[in-house]
> 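Got a structure for you, questions after.
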Amino acid sequence: MFKTIDWGDGTVVMLDQTRLPQEVIYRTYRRPEEVAEAIRRMVIRGAPAIGVAAAMGIALGMKDSAGLSTPDLEHRMEELARLFASTRPTAVNLFWAIERMKRVFETHRGAKFREVAEAMVREALVLRDEDVEMNRRMGRHGEVLIPESARVLTHCNAGALATAGYGTALGVIRAAVEKGKKVRVLADETRPFLQGARLTAWELAQDGIPVTLITDSAAGHFMARGEVDLAIVGADRIAANGDVANKIGTYSVAVLAKENGIPFYVAAPLSTIDLSLPSGDRIPLEERDPEEVKHAGHSRVAPEEVAARHPAFDVTPARYVTAIITEAGISRPPYEASLRVLFPVNS
Ligand code: MRU
């Protein structure tokens with residue numbers, strides 16, 4: 001299987017998701033600033049994947065800081081944390097990964113430079129490996145929600161490409177398929193970046209999982225005709241009350257699912273749950289360049305002079321969410337109680 005992100009010998013290697021599905025190109029990055037730019041440009045995207053990329057980017061920056069005095073090294077760590085925190089605001093996994101890297105740095109205060117740098121690289125790799133492991137666990141918990149011969153609608157890409165491997169929402173689908181269930185996926189194309197058309201369709205096809213691409217606006221039509229058994233998506237941030245920030249258009253899918261009596265599931269690791277925010281209205285939502293809306297790929301599809309808006313994420317209120325699947329199990333409403341118990345005390 002392809003690798004979304006990997007650590008080379010002092011380099012970060014990423015599958016360029018801006019080029020899929022036309023070209024499978026791996027890019028090699030040597031400087032943290034290049035990794036940050038790759039996150040901004042969405043060479044790598046998806047909440048858990050950008051967390052891993054930031055961790056590896058910080059490890060790169062640390063490795064290159066030999067010879068700095070202790071205060072300068074501390075300053076560099078702060079600078080790297082700020083650099084990656086400024087890339088994309090919505091996915092909380094990014095900030096969670098930065099915090100983990102900072103913690104390792106702090107626990108090695110006073111150690112030799114080499115030890116610090118090695119510990120940072122080790123932590124980035126642990127983060128990557130844990131991500132895959134958590135996705136597999138999430139899959140095992142979640143697959144029970146997928147009936148035999150289910151027709152499953154998904155939005156955006158919450159697959160191997162959005163994580164270090166296996167995926168969250170697509171991980172649950174993969175786990176159901178591994179159990180021998182015949183699952184068919186309806187993938188929303190997910191305008192304007194087309195994560196559904198370019199990425200979900202590509203990675204499911206690679207695995208031989210039957211996938212049918214639909215326009216975003218066709219989701220309600222297929223639900224109303226009884227052609228969807230359940231919807232499952234990933235998340236960029238989940239507030240303490242179960243409100244879910246995910247790719248723009250997720251809210252519409254959830255409302256349509258409720259209207260049509262279809263379960264709407266969210267699959268995400270605990271690192272996506274932000275208990276510090278009581279509800280979704282406090283989640284920072286990224287607004288991207290309107291030019292992306294005015295283009296399909298490299299072709300302009302709107303008059304140049306027309307205004308456009310491009311919120312990259314929306315918030316689905318918890319009342320539309322049937323269950324949240326994590327590596328620690330399945331949570332159901334009321335989420336204020338069911339999410340909190342997933343975390344160790346005091347977190
Ligand atoms: O803008 P993107 O492509 O980074 O948005 C990705 C999503 O919205 C995913 O659904 C989410 O990050 C979960 S990925 C496991």
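A quick note: this is a predicted structure, and the numbers were derived from the prediction, not measured. Start at 1 with the first residue, then count along the sequence. Ligands are counted one by one from 1 in listed order, and the atoms in each one are counted from 1 as well.
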> Show the nearest heavy-atom pair for residues V183 and P210, with the distance to one decimal.
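Smallest heavy-atom distance, with atoms named: O-CD, 3.5 Å.
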> Looking only at protein heavy atoms, identify the closest one to atom 8 (O) of ligand 1 and say how far it is in Å.
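Here the closest protein heavy atom is D236 OD1, 2.8 Å.
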> Any idea which part of M42 is under 4.0 Å from ligand 1, heavy-atom wise: side chain, backbone, both or neither?
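Within the 4.0 Å criterion, M42 contacts ligand 1 through side-chain atoms alone.
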> Provide the number and element of each atom of ligand 1 under 4.0 Å from a heavy atom of R88.
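Atoms satisfying the 4.0 Å criterion: 1 (O), 2 (P), 4 (O).
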> Below 4.0 angstrom from a heavy atom of A47, which ligand 1 atoms are there? Numbered from 1 as shown, please.
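Those of ligand 1 that fall under 4.0 Å from A47 are 12 (O), 14 (S).
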> If you look at every heavy atom in A85 and F95, which pair is closest and at what distance?
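The pair with the smallest heavy-atom distance is O-CE2, 3.6 Å.
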> Would K247 count as a cation-pi partner of F313, with NZ or CZ less than 6.0 Å from the six-membered ring centre and within 45° of the ring normal?
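Yes, a cation-pi geometry holds between K247 and F313.
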> Under a 4.0 angstrom heavy-atom cut-off, which atoms of ligand 1 come close to A158?
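So the atoms of ligand 1 that pass are 14 (S), 15 (C).
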> Looking only at heavy atoms of H155, does any of them come nearer than 4.0 Å to an atom of ligand 1?
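Contact check H155 vs ligand 1: negative.
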> So F2 and V24, do their side chains get closer than 4.5 Å, heavy atoms only?
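Answer no - side chains too far apart.
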> Starting from atom 10 (O) of ligand 1, locate the nearest protein heavy atom and write down its residue, its atom name and how far away it is, to 0.1 Å.
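Answer for atom 10 (O) of ligand 1: N246 OD1, 2.6 Å.
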> Could you tell me, atom by atom, which parts of ligand 1 come under 4.0 Å of a heavy atom of T168?
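Once the distances to T168 are compared, the set is 15 (C).
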> With the side chain counted from C-beta on, respond yes when M56 and R128 share a heavy-atom pair under 4.5 Å apart, and no when they do not.
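Result yes, sub-4.5 Å side-chain heavy-atom pair found.
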> Answer yes when R88 and E286 have at least one side-chain N-carboxylate O distance shorter than 4.0 Å, and no when they do not.
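Result for this pair is yes, salt bridge flagged.
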> Per the side-chain contact (heavy atoms from CB on, under 4.5 Å) rule, which among N135, V211, D207, T200 passes with L170?
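Result for side-chain contact (heavy atoms from CB on, under 4.5 Å) with L170: T200.
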> Contact between ligand 1 and A312 is defined here as a heavy atom of the residue under 4.0 Å from a ligand atom; is it met?
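No, A312 has no heavy atom closer than 4.0 Å to ligand 1.
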> When only distance counts, is R45 in polar contact with ligand 1, meaning an N/O pair under 3.5 Å?
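In this structure, R45 places an N or O atom under 3.5 Å from an N or O of ligand 1.
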> Please state which part of F313 comes within less than 4.0 Å of ligand 1, counting heavy atoms only: side chain, backbone, both or neither.
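Side chain only.
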> Does either side chain, that of S279 or that of D243, offer a donor lying less than 3.5 Å from an acceptor on the other one?
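There is no such pair (donor and acceptor under 3.5 Å, judged by atom type) between the side chains of S279 and D243.
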> Please could you name the atoms of ligand 1 that A162 approaches to less than 4.0 Å, counting only its heavy atoms?
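That gives atoms 14 (S), 15 (C) of ligand 1.
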> Using heavy atoms and a threshold below 4.0 Å, how should the contact between A235 and ligand 1 be classified: side chain, backbone, both, or neither?
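Just the backbone.
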> With nothing but distance in play, are any N or O atoms of G234 less than 3.5 Å from an N or O of ligand 1?
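For ligand 1, there is no N or O atom that lies under 3.5 Å from one belonging to G234.
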> Residue-level breakdown please: for Q195 versus ligand 1, do any non-hydrogen atoms fall below 4.0 Å on the side chain, on the backbone, on both, or on neither?
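Contact part for Q195 vs ligand 1: side chain (C-beta onward).
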> Using the ring of F193 (Phe, Tyr or Trp, six-membered ring only), decide whether R45 places NZ or CZ under 6.0 Å from its centre and within 45 degrees of its axis.
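No, R45 does not lie over the aromatic ring of F193.
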> Using the side-chain contact (heavy atoms from CB on, under 4.5 Å) rule, take T326 and I273 through it: C-alpha gap first, then chi angles, then the decisive distance, then the call.
CA-CA 10 Å; T326 71; I273 300 173; 4.0 Å; yes
> Is there side-chain contact between M223 and E227, with heavy atoms separated by less than 4.5 Å?
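Sidechains of E227 and M223: no contact.
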> At under 4.0 Å between heavy atoms, which part of N157 makes contact with ligand 1: side chain, backbone, both or neither?
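Under 4.0 Å from ligand 1, N157 contributes backbone atoms alone.
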> If we set the cut-off at 4.0 Å for heavy atoms, which region of C156 has an atom near ligand 1: side chain, backbone, both, or neither?
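Near ligand 1, C156 shows its side chain, while the N, CA, C and O stay back.
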> Looking at K247, which atoms of ligand 1 are within less than 4.0 Å of one of its heavy atoms?
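Taking each heavy atom of K247 in turn, ligand 1 has 1 (O), 2 (P), 5 (O), 8 (O) under 4.0 Å.
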> So, is P48 polar-close to ligand 1, with some N/O to N/O distance under 3.5 Å?
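No, since none of the N or O atoms of P48 sits under 3.5 Å from an N or O of ligand 1.
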> Strictly below 4.0 Å, N to O, side chains only: are E133 and R136 in salt-bridge contact?
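A salt bridge is absent here (no side-chain N lies under 4.0 Å from a carboxylate O).
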